[in-house]
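Have a look at the structure below before the remarks.
Order of appearance sets the numbers: ligands from 1, and atoms from 1 within every ligand. Any value given below was found using the heavy atoms of this structure, including those in side chains, with hydrogens, waters and symmetry copies removed.
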Amino acid sequence: MDRLITVLKKVGNPSVVGLDPKPQILPQQLTQVESVQQLAQSYLDFNRSIIDAVTGLVAVVKPQIAMYEALGPVGLEVYCKTTAYASSKGLYVLGDVKRGDIGTTAAAYASHLAGSPAVGDLETEDLWHEDAITVNPFLGYDGIHPFLQAAEKADKDIFVLCSTSNPSSSQLQALPCGPDGTTVSQHLAELIELWGQDSRGGYGFSRIGAVVGATHPDRASDLRARLPHTFLLVPGYGAQGGTAADVAALFTDNSSYGASISSSRGIIAAWQKDPSYRPDMSRTQALDLVAKAARKAARQMRDDLTAVLN
Ligand SMILES: O=C(O)c1cc(=O)[nH]c(=O)n1[C@@H]1O[C@H](COP(=O)(O)O)[C@@H](O)[C@H]1O
């Protein structure tokens, strides 16, 4: 996490931009195409415009792999090219892959972070470009250990789901799982601290971060207190209703933020609210508008978060 905190401090902004393209949030200049290959190229152009626009203003991007996998092999290629491009700009790349399995299967999934026995002795350095990935903890430590091992080997990080932003998260995560009424999320927080205790860096945070949604402010200070050595990824800001006030309790009171706040549609679909958009614009003009609107929205998000931090 030291590298993550270093890049966040450098830009003075705890925001993460989610790169979750889909046809509904791309201007029609990019979606009126004749093949999946062309749509995939549009995703790449869209992402590059946004990355160029926010570099220097934010330090982290979080591409959600499902959006790319939906386009099949060409989509996955665009995921890889997007992560490579973001990485070449010095951004910390958090791959939102939400994997969860055990043993050799988990080790193969973990090849997103490091060379994996799944590809034998072949060179894998140029396959994947993420600095961290998200992991689902439903299988317990057997499902965490292979990812942690890969992260240690490559000096990278994992972010484990703890309290997710979706409304029905409470169906499982708010259930009591002990005689004292400790909820599943609270218990997970304790496990995440335990699993990470041997991998703490210079800022005091372990290599295992926790995902805590922005949409449950009632859980925020309790989870922050249960996760003293854990950096938090906080999605659900913006389009899902999370606000700067809702996430304030998830930051730590030291200079390392302790949390980074993620917004996808709120930034990458901001162009849809720009009155200067016109359907008869050229593709280049539409991409310019996407970039300008994303930068403006990212600046606004930074200012809102900075206000609560101050
Ligand atoms: O792991 C995540 O990033 C995640 C966890 C969670 O609890 N809620 C959540 O929305 N996410 C992801 O965060 C992004 C939210 O997108 P927006 O709602 O458009 O900002 C999507 O990529 C989700 O998959």
Residue selection (non-hydrogen contact nearest atom 20 (O) of ligand 1) among Ser262, Pro63, Ser264: Ser264
Polar atom proximity, Ser163 to ligand 1 (N or O, under 3.5 Å): no
Nearest protein heavy-atom contact for atom 15 (C) of ligand 1: which residue, which atom, what distance? Gln240 NE2, 3.4 Å
Ser165, portion touching ligand 1 at heavy-atom distance under 4.0 Å: both
Is Thr134 in polar range of ligand 1, meaning some N or O pair under 3.5 Å apart? no
Should His216 and Ser163 count as side-chain neighbours, where that means a heavy-atom distance under 4.5 Å? yes
Could you pull out all residues at least two apart from Phe159 that satisfy ring pair (Phe, Tyr, Trp, His ring centres under 6.0 Å)? none
How long is the gap from CG on Asp157 to CE on Met1, to the nearest 0.5 Å? 4.0 Å
Within a reach of under 6.0 Å around NZ of Lys98, are more than 12 heavy atoms found that belong to other residues, nucleotides or ligands? yes
Name the option, out of Gln64, Lys62, Lys22, that contains the heavy atom nearest to atom 14 (C) of ligand 1. Lys62
Which residue owns the protein heavy atom closest to atom 22 (O) of ligand 1, what's the atom, and how far is it? Asp20 OD2, 2.6 Å
Roughly how far, to the nearest 0.5 Å, is the NE2 atom of His129 from the OG atom of Ser88? 9.5 Å
Does any pair with a residue in residues 263-310 pass ring-ring contact (aromatic ring centres under 6.0 Å, His included), and if so which ones, sequence neighbours excluded? Trp271-Tyr277
Output the list of atoms in ligand 1 that are nearer than 4.0 Å to some heavy atom of Thr164, sorted by atom number. 7 (O)
Proximity winner for atom 24 (O) of ligand 1, if only heavy atoms of His216, Lys98, Met67, Arg265 are counted: Lys98
Mutual orientation of the aromatic rings belonging to Phe147 and Tyr109 [parallel < 30°, tilted 30-60°, perpendicular > 60°]: parallel
